[in-house]
Amino acid sequence: MSVPRPLRVAALMLGSGVALALAFPRPGWDPLAWVALAPVLVVALRATPRRALAWGWLAGAAFFLVLLRWLNWTFQVYSAIPGVLTWGPIALLAAYCALYTGLAAATVAWTRARLGAEAALSVFPFVWVAGEWTRGHLMGGFPWGALGYSQWERLPVIQIAELGGVHLVSLLVAAVNAALAGAVVLGRRRGALAVAVAAGLVTAAAAFGAVRLAASTPTTGVRLALVQPSIEQPLKFDPAHALRTFDILASLTRRAAAERPDLIVWPETSTPAPLRRDAGLLDALSRLASGAPLLVGSIDVEDGRGGRLIRNSAFLVTEQGIAGRYDKIHLVPFGEYVPLSAVIGFVRGWAEFIAELEPGARPVVFPGPPAPFGVVICYEGIFPDLVREFVRGGARVMVNMTNDAWFGSTSGPEQHLTMYPLRAVEHRIALGRVANTGISAFIAPSGRVIRTLPLGARGVLAERVPLREADTLYTRLGDWVCWAGFAVTAGVLAAGWLRRSRA
């Protein structure tokens, strides 16, 4: 008994989405990203735009459901949502993100009907990166799972990020998928040409990567020490555990000071009390800073005209006290604020991780010591244009402080880490990433992860890292690849409309 064609196509779309999700960030599985979208394109080339939208959406939904499965653990442990209903918010998020995959497939189908299969496949990589950019900015943005991140371990491939950011890597991977789809639907000669063009692009990217990886690294550098206390989330702000929390951090800080670093970094919201509201805590930190300046994460509380303002902040502490601060700008929706609060503010009572924080006003580049550096807090570092603001402001090294304890021992912390090698390559800047429960790491300007502290470990990482010396093309021009994606997409759509009006 044969399986009806719609069921076969649905199974193929689900398989494509799951295969793509497995490339994030499982070692050795990243080649799946180069082929997983090809079946979606083959189906789109043979479907109406409406059906292509539906099939593309199905593949995207499968991708994001599997990719974001770690959120279920967070909802189960820290929310009041019962049982299997914890998958509800994840399904809604996946359904939204999948719209971009569906729209890309629909654009391919629409273009094929008016301009032919070659034009449809040629425009797909540009449509894809335009969609990635939009998903990363619309309604605050959620750029998690951009296609280029699948290649975070393939250093020769990701070096092109210094030219056009992670979206240029996405463009390359999407182009290979389009070429493979072309090999199936365009016939032998045209399909072979499509594969040859894709092979040429990959070869050129790898050759560029090899040259850049062979280049000498900057000679000037600073020594950073990262403190990973591995304190379970329920204990972080428990008053009964506050003294124990500080003792753990202080002991690790003294160990770090023995490494003679230029700067010691604590994770996000690591202090057991708001720093500026606790004179005793600030005095204790100032004494600890006798070994080296401390960069600590803390909740900051300030009384304003509209009531109490709470911020997620990073403080630079020296022996003289607070020398500087940065307030987190890009807050986590449904974590640090509730979008459309007047309408759906009731969701605050659903989970203990939902807060209402005040965003910072601007990026702050600390002048040092030891050298100008920028700090991104939590998932701010997954926004390429935000990190670029710090670099353009003069940062010569970047720090990411985060608290991924909310995600337990799931794949969430690992997925989060894999986005930072691309941030390093984009600006040829070294990055120290310190996490409460892990994964803390040092990342070289080449994107190579130098050293890590594994998930759940308690300890100190110390490393000498080079200072950024020059701007890259991406530093200067930003997301030009995405603007090119919008321009090419608009041009092809306009050509399709003109062709239709003349027919």
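If you read the sequence from its start, that first residue is 1, and numbering goes on from there.
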Sub-3.5 Å donor-acceptor pair from the side chain of Thr203 to the main-chain atoms of Ala199, do we have one?
-> yes
Report, as yes or no, whether the 6.0 Å neighbourhood of atom CZ on Arg244 holds more than 12 heavy atoms from other residues, nucleotides or ligands.
-> no
Is the closest side-chain heavy-atom distance between Val222 and Leu467 below 4.5 Å?
-> yes
Inter-residue atom distance Leu249.CG - Ile264.CD1, 0.5 Å rounding = 11.5 Å
Is the distance between the ring centroids of His416 and Tyr379 less than 6.0 Å?
-> no
For Gln233 and Ala405, which heavy atoms make the closest approach, and how far apart are they?
-> OE1-CB, 3.7 Å
Separation between CG (Leu68) and CD (Gln415), nearest 0.5 Å, reads 7.0 Å
Say whether Gln159 and Arg154, considering side chains only, have a donor N or O and an acceptor N or O under 3.5 Å apart.
-> no
Do Leu163 and Phe208 come within less than 4.5 Å of each other through their side chains, counting heavy atoms only?
-> yes
Step-by-step salt bridge (Lys or Arg N to Asp or Glu O under 4.0 Å) determination, Glu259 to Arg223 = CA-CA 9 Å; Glu259 301 280 350; Arg223 189 166 180 82; 3.2 Å; yes
Which of Arg423, Arg468, Arg212 passes salt bridge (charged side-chain N to carboxylate O under 4.0 Å, His left out) with Glu162? Answer is Arg212
Check the pair Val35, Val176 against side chain to side chain contact (heavy atoms under 4.5 Å, CB included), reporting the backbone distance first and the verdict last.
-> CA-CA 7 Å; Val35 301; Val176 171; over 6 Å; no
Note, Leu473 side chain near Arg476 side chain (heavy atom, < 4.5 Å) | yes
Among Arg311, Arg308, Arg277, side-chain hydrogen bond (donor to acceptor under 3.5 Å, both in side chains) partner for Glu302 = Arg311
Are the side chain of Ser170 and the backbone N or O of Gly148 linked by a donor-acceptor pair below 3.5 Å?
-> yes
Considering all heavy atoms of both residues, which atom of Pro125 and which atom of Leu171 are nearest to each other, and what is their separation?
-> O-CD1, 3.4 Å
Do you know which two heavy atoms are closest between Leu263 and Pro370, and how far apart they sit?
-> CB-CD, 3.9 Å
Short question: side chain of Thr472, backbone of Thr475 - any donor-acceptor pair under 3.5 Å?
-> yes
Where does the angle between the aromatic ring planes of Trp483 and Trp133 fall among parallel (under 30°), tilted (30 to 60°) and perpendicular (over 60°)?
-> tilted
Short side-chain to backbone donor-acceptor contact, Ser270 and Pro267, under 3.5 Å = yes
How long is the gap from CD1 on Ile322 to CG on Leu294, to the nearest 0.5 Å?
-> 11.5 Å
Is any side-chain heavy atom of Val166 closer than 4.5 Å to a side-chain heavy atom of Glu426?
-> yes
Is there a donor in the side chain of Asn436 and an acceptor in the side chain of Glu268, or the other way round, less than 3.5 Å apart?
-> no
Step through it carefully: locate the ring centre of Trp29, locate the ring centre of Trp34, and say whether they are under 6.0 Å apart.
-> no
Spacing of CD1 belonging to Ile377 relative to CD1 belonging to Ile329, to within rounding of 0.5 Å = 9.0 Å
Quick one: closest heavy-atom pair of Ser446 and Leu213, and the distance?
-> CB-CD2, 3.8 Å
Have a look at Phe126 and tell me which of Val481, Val488, Thr107 forms a side chain to side chain contact (heavy atoms under 4.5 Å, CB included) with it.
-> Val488
Under 3.5 Å donor-acceptor, Thr402 side chain and Ala435 backbone = no
Is it true that a side-chain atom of Asn177 and a backbone atom of Leu37 form a donor plus acceptor pair closer than 3.5 Å?
-> yes
Knowing that exactly one of Val434, Ile450, Thr452 qualifies, which makes a side chain to side chain contact (heavy atoms under 4.5 Å, CB included) with Phe442?
-> Ile450
Report yes or no: does Arg458 contribute a side-chain atom to a donor-acceptor pair with the main-chain N or O of Pro229 at less than 3.5 Å?
-> yes
Partner of Val265 under side chain to side chain contact (heavy atoms under 4.5 Å, CB included), chosen from Met401, Gln228, Arg433 | Met401
Side-chain heavy-atom pair Glu132, Leu147 within 4.5 angstrom cut-off = yes
Residues Trp128 and Ala104: closest non-hydrogen pair is CE3-CB, 4.2 Å
Tell me whether the centres of the aromatic rings in Phe63 and Phe24 are closer together than 6.0 Å.
-> yes
Note, Pro372 side chain near Pro367 side chain (heavy atom, < 4.5 Å) | no
Phe142 CZ to Tyr100 OH distance, which is reported to the nearest 0.5 Å = 12.0 Å
Considering only heavy atoms from C-beta outward, does the side chain of Cys97 approach that of Arg135 to under 4.5 Å?
-> yes
Any chance the rings of Phe390 and Tyr326 have centres within less than 6.0 Å?
-> yes
Spacing of OG belonging to Ser150 relative to CG belonging to Leu32, to within rounding of 0.5 Å | 9.5 Å
Are the side chain of His427 and the backbone of Val387 linked by a donor-acceptor contact shorter than 3.5 Å?
-> no
Under the side chain to side chain contact (heavy atoms under 4.5 Å, CB included) criterion, do Val460 and Leu226 qualify, and how do the steps go?
-> CA-CA 6 Å; Val460 172; Leu226 312 179; over 6 Å; no
Assess the side chains of Ser286 and Glu319: does a donor N or O sit below 3.5 Å from an acceptor N or O?
-> no
Lys/Arg N to Asp/Glu carboxylate O, Arg392 vs Asp385, below 4.0 Å | no
For the pair Asp404 (side chain) and Phe407 (backbone), establish whether a donor and an acceptor sit closer than 3.5 Å, ignoring hydrogens and angles.
-> no
Tell me yes or no: between the side chains of Ser298 and Trp266, is some donor less than 3.5 Å from an acceptor?
-> no
Taking all non-hydrogen atoms of both residues into account, name the closest pair between Leu20 and Ala33 and its distance.
-> CD1-CA, 3.8 Å
Kindly say whether Phe64 contributes a backbone atom to a donor-acceptor pair with the side chain of Arg69 at under 3.5 angstrom?
-> no
For salt bridge (Lys or Arg N to Asp or Glu O under 4.0 Å), just list the numbers for Glu380 and Lys328, CA-CA rounded to whole Å, side-chain angles, deciding distance to a tenth of an Å, and then say yes or no.
-> CA-CA 8 Å; Glu380 281 188 320; Lys328 185 179 182 183; over 6 Å; no
Decide yes or no on side chain to side chain contact (heavy atoms under 4.5 Å, CB included) for Leu453 and Ile439, but give the supporting numbers first.
-> CA-CA 6 Å; Leu453 267 176; Ile439 305 167; over 6 Å; no
Evaluate the criterion salt bridge (Lys or Arg N to Asp or Glu O under 4.0 Å) for residue pair Asp300 and Arg276; output intermediate values, then yes/no.
-> CA-CA 7 Å; Asp300 188 61; Arg276 292 202 302 157; 2.8 Å; yes
Intermediate values then yes/no, side chain to side chain contact (heavy atoms under 4.5 Å, CB included), Leu275 and Val317 = CA-CA 10 Å; Leu275 183 57; Val317 181; 4.1 Å; yes
